[in-house]
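Here the structure is laid out as structure tokens; the discussion comes afterwards.
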Amino acid sequence: MADQLPSRSENFAEWYNQIVQRADLADYGAAKGTMIIKPYGYALWENIQAYLDKRFKQHGAKNAFFPTFIPVSYIHKEKEHVEGFSPNLWLVTAGGGETLEEAYAVRPTSETTINSTVGNWIQSYRDLPLLLNLWNSCFRYELRTRLFLRTSEFLWQEGHTFHATWDEADAYSRAILNDAYLDFYINAAALPVLAGKKSEREKFPGADITYTLEGLMGDGRALQSCTSHNLGSNFAKSFDIRYLNRSNELEYVASTSWGLSTRAVGAILMTHGDDKGLLMPPRIAPIQLVIVPIFRKESEQQAVLEAAKRIQRDLDNYRVELDAREGLTPGFKYNDWEMRGVPIRLEIGPKDIEKNQVVLVRRDTGEKKFVPLAHLLDEVKQMLNNIHDTLYARAKKFQDDNTFIVDSYEEFKERTAGEGGAGFLLAHWCGDRDCEEAIQKETRATLRVIPFDRVKETGKCVRCGNASEGRVVFAKAY
RNA sequence: CGGGGCGUAGCGCAGUCCGGUAGCGCGCUUGGUUUGGGACCAAGAAGUCGGAGGUUCGAAUCCUCUCGCCCCGACCA
């Protein structure tokens, strides 16, 4: 009897820490705060990459690579940027046993290194827009780390685009948010998120506007699930990136940057799943269907394995694993794959072969279904879509059930008291930065997002009582 | 940086108080019986006790120093 996982409802943090390692997703690296992503976890990331990469390319972005080392003086060129990132910077001060004349920053993000280069690529409006995306890792010194959610080095993509006008840059950063990220979270990850803007205080250092998607995790804490920034001409001015417009006048370009990291993996794990373990959203699940062959005698073994292999071939449009491990009972395998979150289990044994059928079991509901071989393909297709819809609906219900309209600061404080998450708190806010900061200090909740679709509604700031024109979303966040 | 915990076999731990030549469970290997919801029996393999120095006839155990990791707070994708 294997030991039980901690219960998700009783000890969410411990559930998360254990499942990540037990399901073979990731492990701790040797250096503090670093992460080893194991094949099962990396496969999930690869599926995320594939989904997003396609959408970025549909929006014209092309992949490139920029160096990990950035002369530290570059980082200092944009004032807000350096202030925002210096606490997180890793510095390389020596190479080949010699102290470097100028230290290198290990990229916390590539705005500075990109901007210092593309100025030479852009001379006229004919060179615009310039649309780049980088798949790389970046490095941020962190005091407290957690696998996938916050590590000193993490994988991500960072898009960087350059446009003729502020409006065009704005439209592009919104398009990526909606057509790539939001589409991904809803249609691939089965994860409902709130789309909107960050406050001035929470926005990216160096951005005019930061757009974001905020998810609500199983413990009621919010997680910033990606960001997309309209950088305006802030970096263009710092790095002097100008182009000749149609009227032969020099103008600063407007730029964007946008990123989604391996934190998305954490979001998926923390949203779906139960006390049995993970629940991978079907469209990006590393394994969509696992075949567990069942036999008693050796004489049965061959026939069952052959049938299983035939089924695997028939399902080659899907990511299918045949669990032919010897010496493990079927019951053990059921539990093992349930823990790893494989959406569908297919059982096949001698009785099924006789009847030309298989058994399909859904991970989300536990429902068991006998399916004639002739209908298998249709059934698998339908079931995967169905599981996706169920996961989304469940997560949406959880989000709705944990979203609260709060009109008094007393209630705000009550809801944010204690250790756990507080859900999404919809409250009026005056728009003042100091007031926002005070709310965080007094309640530990931060302003997560100003939703695009908020209703216009006059009200009074939940803390100071000044006028407000709509509700914003507060939460305790990761 | 503050607070807490922990480094002993791949993993989880006992042994440390009171020094005497390293043990348990899981996992692993081999053989056999099993196999439709976490199988069982038997025989094995596996550890410079985080590191350095010291005390001692003798150190996982006592002393000094050191390194690392995890968890909880302040900063953050």
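None of the values given here were measured: they were computed from a predicted structure. Residue numbers begin at 1 in each chain, while the letters A, B, ... track the order of the sequences.
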(message) Please check this pair: side chain of R107(A) against backbone of S137(A), looking for a donor-acceptor N/O pair closer than 3.5 Å.
(response) yes

(message) Looking at rU35(B), I'd like to know if its phosphate oxygens (OP1 or OP2) sit under 4.0 Å from a side-chain N or O belonging to R296(A).
(response) yes

(request) Identify which nucleotide among rU35(B), rG37(B), rC71(B) has an atom closest to any side-chain atom of I294(A), counting heavy atoms from C-beta outward. (result) rU35(B)

(message) Closer than 4.0 angstrom, basic N to acidic O: yes or no for D274(A) and R8(A)?
(response) no

(request) Would you mind classifying the nucleic acid contact of L223(A) as base, sugar-phosphate or nothing, using non-hydrogen atoms under 4.0 angstrom? (result) nothing

(request) Output the single nucleotide from rC70(B), rG37(B), rC75(B) whose closest atom is nearest the side chain of Q440(A). (result) rC75(B)

(message) Between rG4(B) and rC62(B), how many Å separate the two C1' atoms, rounded to a whole number?
(response) 25 Å

(message) Quick one: does any side-chain atom of T262(A) pair with a main-chain N or O of V265(A) as donor and acceptor, under 3.5 Å?
(response) no

(request) Return the value, rounded to whole Å, for the distance between atom CD of Q224(A) and atom C1' of rC75(B). (result) 14 Å

(message) Donor-acceptor check, side chain of N88(A) to backbone of R140(A), threshold 3.5 angstrom: yes or no?
(response) no

(message) Are E437(A) and Q440(A) packed together at the side-chain level, in the sense that at least one heavy-atom pair is separated by less than 4.5 angstrom?
(response) no

(message) I want to confirm an ordering. Mapping L328(A) and E142(A) to their closest nucleotides on RNA chain B, which one lands closer to the 5' end?
(response) L328(A)

(message) If I pick the P atom on rU56(B) and the same atom on rU16(B), what distance separates them, to the nearest angstrom?
(response) 24 Å

(request) Using the P atom on both, measure rC1(B) against rA46(B) and round to a whole Å. (result) 43 Å

(request) Name the closest nucleotide to the N17(A) side chain, picking from rC75(B), rC71(B), rG37(B). (result) rC71(B)

(message) Partner lookup for rG7(B), please. Criteria are Watson-Crick or G-U wobble with both distances under 3.5 angstrom; report none if nothing qualifies.
(response) rC67(B)

(request) Can you tell me the distance, in whole Å, between the CE atom of M35(A) and the P atom of rC70(B)? (result) 13 Å

(request) Round to the nearest Å and state the distance from K476(A) atom NZ to rC76(B) atom P. (result) 17 Å

(request) Can you tell me, in whole Å, how much space there is between the C1' of rC63(B) and that of rG44(B)? (result) 41 Å

(request) Would you mind classifying the nucleic acid contact of T210(A) as base, sugar-phosphate or nothing, using non-hydrogen atoms under 4.0 angstrom? (result) nothing

(request) Give the nucleotide from the list rC70(B), rC75(B), rG36(B) with an atom nearest to the side chain of V359(A). (result) rG36(B)

(request) Once you apply the 3.5 Å cut-off to both distances, tell me the Watson-Crick or G-U wobble partner of rC40(B), or none. (result) rG32(B)

(request) Using atom CH2 of W337(A) as one end and atom C1' of rG38(B) as the other, report the distance to the nearest whole Å. (result) 15 Å

(message) With a 6.0 Å cut-off on the ring centroids, do Y141(A) and W90(A) count as close?
(response) yes

(request) Scan every strand shown for a Watson-Crick or G-U wobble partner of rG2(B), both distances under 3.5 Å, and answer none if you come up empty. (result) rC72(B)

(request) Go through the N and O atoms of the side chain of R140(A) and the base of rC76(B), and report whether any donor-acceptor pair is under 3.5 Å. (result) no

(message) Given the structure, check if the side chain of D336(A) and the base of rG38(B) hold any donor-acceptor pair shorter than 3.5 Å.
(response) no

(request) State which of rG37(B), rU35(B), rC71(B) makes the closest approach to the side chain of F295(A). (result) rU35(B)

(request) Give none if rC24(B) has no partner; otherwise give the nucleotide forming a Watson-Crick or G-U wobble pair with it, both distances under 3.5 Å. (result) rG12(B)

(request) Answer yes when D24(A) and R340(A) have at least one side-chain N-carboxylate O distance shorter than 4.0 Å, and no when they do not. (result) yes

(message) Taking the minimum atom-to-atom distance to the side chain of N335(A), which one of rG37(B), rC75(B), rC70(B) wins?
(response) rG37(B)

(request) Using both distances under 3.5 Å as the test, list the Watson-Crick or G-U wobble partner of rC62(B), or none. (result) rG54(B)

(request) Report the residue (E298(A) or T145(A)) whose heavy-atom-nearest nucleotide on RNA chain B is the more 5′ of the two. (result) E298(A)

(request) Starting from P on rC71(B), measure out to OH on Y478(A) and report it in whole angstrom. (result) 12 Å

(request) Decide, yes or no, whether a salt bridge links K57(A) with D53(A) under the criterion of side-chain N to carboxylate O below 4.0 Å. (result) yes

(request) Select base, sugar-phosphate, or nothing to describe what F204(A) touches, counting heavy atoms under 4.0 Å on all strands. (result) nothing

(request) Kindly say whether, by distance alone, the side chain of R345(A) makes a donor-acceptor pair under 3.5 Å with the base of rG37(B)? (result) yes

(request) Name the nucleic acid region contacted by K351(A), choosing base, sugar-phosphate or nothing; use a 4.0 angstrom heavy-atom cut-off, strictly under. (result) base

(message) Between rA22(B) and rA60(B), how far apart are the two C1' atoms, rounded to whole Å?
(response) 8 Å

(message) Does rU35(B) have its OP1 or OP2 closer than 4.0 Å to a side-chain nitrogen or oxygen of T329(A)?
(response) no

(request) Determine the Euclidean distance between corresponding P atoms of rA43(B) and rG7(B); express it in Å to zero decimal places. (result) 31 Å

(request) May I have the distance from I348(A) (atom CD1) to rG37(B) (atom C1'), rounded to whole angstrom? (result) 18 Å

(request) Between rC6(B) and rC13(B), how far apart are the C1' atoms? Round to whole Å, please. (result) 12 Å

(message) Could you tell me how far apart R146(A) (CZ) and rC70(B) (P) are, to the nearest whole angstrom?
(response) 12 Å

(message) Is it the case that rG37(B) (base atoms only) and E338(A) (side chain only) share a donor and an acceptor within less than 3.5 Å, ignoring hydrogens and angles?
(response) yes

(message) The side chain of P330(A) is closest to which nucleotide in this list: rA74(B), rG36(B), rC75(B)?
(response) rG36(B)

(message) Using atom P in both nucleotides, what's the gap between rC49(B) and rG20(B) to the nearest angstrom?
(response) 15 Å

(message) Taking the minimum atom-to-atom distance to the side chain of R150(A), which one of rC76(B), rA39(B), rG36(B) wins?
(response) rC76(B)

(request) Take the protein atom NE2 of H81(A) and the nucleotide atom C1' of rC76(B), then report the distance between them rounded to whole Å. (result) 14 Å

(request) Using ring pair (Phe, Tyr, Trp, His ring centres under 6.0 Å) as the criterion, point out the one residue from H229(A), H160(A), H81(A) that pairs with F235(A). (result) H81(A)

